[in-house]
Amino acid sequence: MKLKNKVVFITGGASGIGKASAIAAAKEGATVVIADLASSKYEETLVEIEFNKVQSLFVPIDVANVESVKKAIQTTVEKFGRLDVAFNNAGIAGSYSDIHDLEEEQWQHIIDVNLTGQFYCIKYELQQFLKQGGGIIVNMASIAGLKAENGLIPYTAAKHGMMGLTKNIAVQYGTQNIRANAICPYYIETPLLNDLPAELHSQWVNGTPMKRLGEAEEVAKAFIYLASDDSSYCNGTHILLDGGALARI
Ligand SMILES: NC(=O)c1ccc[n+]([C@@H]2O[C@H](COP(=O)([O-])OP(=O)(O)OC[C@H]3O[C@@H](n4cnc5c(N)ncnc54)[C@H](O)[C@@H]3O)[C@@H](O)[C@H]2O)c1
């Protein structure tokens with residue numbers, strides 16, 4: 001039980017990697033808060049969490065809306081008294097485009113959710129951590145936080161930004177019992193891929209020496225490591241889960 005009685009807050013926890021991480025945290029004894037869009041299908045995740053006889057809660061959140069972020073964190077703390085681990089995982093992919101054709105609105109929307117929204121979450125999570133004497137942040141970046149991802153322009157920019165935020169947290173709060181690390185997955189089989197061109201699927205598969213995409217549960221294992229004391233000396237760094245894709249660049 002690596003997270004026994006820890007209060008774990010997961011944005012985008014209703015689907016894909018967030019859902020797998022929420023269930024993995026419940027298996028490790030955590031109290032799990034699913035923070036996701038009010039329209040998300042979170043009920044199934046809550047059932048699977050509660051199967052592990054731990055407490056859980058759904059809080060509606062739109063990470064791109066600062067008032068919504070403040071309320072979700074406040075509701076979590078009112079209900080459970082503290083916040084031990086925050087997984088800033090919510091994100092969207094956006095559509096493929098070259099930079100010279102990219103619509104300004106598309107840029108702004110992805111940046112609002114995948115970068116500014118992450119800053120809002122981090123800011124209010126840190127305020128709570130400082131009040132209570134510490135906490136752990138895990139940020140969802142991507143392989144697109146480490147290299148160019150052709151066609152995913154604002155996504156790549158936002159995920160590089162997420163890496164920068166992670167390093168800043170580590171540097172600024174290292175003496176305050178606060179750690180922050182990022183996760184950088186290659187393509188993972190989740191509903192997020194439904195937004196991307198299906199004809200690229202075989203290209204993604206062939207892009208890794210293992211000739212397969214990752215599973216959400218494989219990413220969840222990295223989350224549990226970074227969320228627990230097993231990673232007590234990891235700070236300001238990232239775990240790459242890419243089946244070897246970057247090794248041959
Ligand atoms: N699937 C991949 O290939 C892959 C690879 C690298 C990184 N990631 C990252 O992992 C994270 C999770 O993605 P996933 O693959 O599980 O996708 P997913 O679509 O299955 O889940 C994303 C979740 O985020 C929620 N969400 C979207 N916009 C939101 C908002 N404004 N406020 C709150 N919640 C919001 C959705 O409702 C959904 O539950 C994302 O940040 C994504 O960029 C995914």
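FYI, side chains are in, hydrogens and waters are out, and symmetry mates aren't considered; it's all heavy atoms of this structure. Every number for a ligand or one of its atoms is a count from 1 in the order of the listing.
Contact atoms of ligand 1 toward Ser142: 6 (C), 7 (C) (distance under 4.0 Å to a heavy atom of the residue). Every atom of ligand 1 with a heavy atom of Ala141 under 4.0 Å away is listed here by number and element: 7 (C). Using a 4.0 Å cut-off to heavy atoms of Tyr187, the atoms of ligand 1 that qualify are 3 (O). For ligand 1, the atoms sitting less than 4.0 Å from at least one non-hydrogen atom of Gly16 are 16 (O), 20 (O), numbered in the order shown with element in parentheses. Short contacts between ligand 1 and Pro191, defined as distances under 4.0 Å to a heavy atom of the residue, involve ligand atoms 20 (O). Taking every non-hydrogen atom of Gly12 and a distance limit under 4.0 Å, the qualifying atoms of ligand 1 come out as 23 (C), 24 (O), 25 (C), 39 (O). Set against the non-hydrogen atoms of Leu193, the atoms of ligand 1 under 4.0 Å away are 3 (O).
Across all their heavy atoms, Ser56 and Leu46 have their closest contact at OG-CD2, 3.5 Å.
Residue contact annotation: Tyr186 has a non-hydrogen atom under 4.0 Å from ligand 1. Taking a 4.0 Å cut-off on heavy atoms, Ile61 registers as neighbouring ligand 1.
For atom 2 (C) of ligand 1, the nearest protein heavy atom (residue, atom name, distance) is Ile188 N, 3.4 Å. Among protein heavy atoms, atom 32 (N) of ligand 1 sits closest to Val63 N, 3.0 Å. Counting protein heavy atoms only, atom 11 (C) of ligand 1 is closest to Asn89 O, 3.0 Å. When only non-hydrogen protein atoms are considered, atom 16 (O) of ligand 1 lies nearest to Ile17 N, 2.8 Å. Distance from atom 6 (C) of ligand 1 to its nearest protein heavy atom, with residue and atom name: Pro185 O, 3.3 Å. Closest to atom 42 (C) of ligand 1 among all protein heavy atoms lies Tyr155 OH, 3.5 Å. Summary of contacts: the protein heavy atom closest to atom 31 (N) of ligand 1 is Asp62 OD1, 2.9 Å.
Of the N and O atoms on the side chains of Gln106 and Ser95, at least one donor lies less than 3.5 Å from an acceptor on the other residue. A donor-acceptor contact closer than 3.5 angstrom links the side chains of Gln128 and Gln132. A donor-acceptor contact closer than 3.5 angstrom links the side chains of Tyr187 and Glu149.
No N or O atom of Gly13 sits closer than 3.5 Å to an N or O atom of ligand 1. Polar contact with ligand 1: absent for Asn114 (N/O pair, distance under 3.5 Å).
Contact of the Gln118 side chain with the Met140 side chain is not registered, since no non-hydrogen atoms from C-beta on lie closer than 4.5 Å. Residues Ile92 and Asp195 have side chains not in contact (no heavy-atom distance under 4.5 Å, counting atoms from C-beta outward). At least one side-chain heavy atom of Glu125 sits less than 4.5 Å from a side-chain heavy atom of Asn88.
Remark: the backbone N or O of Gly133 is paired with a side-chain donor or acceptor of Asn177 at under 3.5 angstrom. A donor-acceptor pair under 3.5 Å is formed between the side chain of Ser68 and the backbone N or O of Asp62. The closest donor-acceptor contact from the side chain of Asn181 to the backbone of His238 lies at 3.5 Å or more, if one exists at all.
Of the candidates Ile10, Asn65, Thr190, Leu152, the one placing a heavy atom closest to atom 14 (P) of ligand 1 is Thr190. Nearest-heavy-atom check against atom 20 (O) of ligand 1 across Ser15, Ser68, Gly91 picks out Ser15. Between atom 17 (O) of ligand 1 and the options Leu213, Leu196, Leu192, the minimum heavy-atom separation is to Leu192. Comparing Lys19, Lys159, Met140 by heavy-atom distance to atom 10 (O) of ligand 1, the nearest is Met140. In the candidate list Leu37, Asp36, Asp242, Asp36 is nearest to atom 37 (O) of ligand 1, counting heavy atoms.
In summary, Lys19 and Glu44 engage in a salt bridge, as defined by a charged side-chain N under 4.0 Å from a carboxylate O.
Neither Ile188 nor Leu246 shares a network with the other; the hydrophobic side chains, linked directly or stepwise wherever heavy atoms of I, L, V, M, F, W or Y lie under 4.5 Å apart, form separate groups for each.
Taking CD1 of Ile34 as the start and OG1 of Thr76 as the end, the distance is 10.5 Å to the nearest 0.5 Å. Rounding to the nearest 0.5 Å places CD1 of Ile10 at 7.0 Å from CD1 of Ile49.
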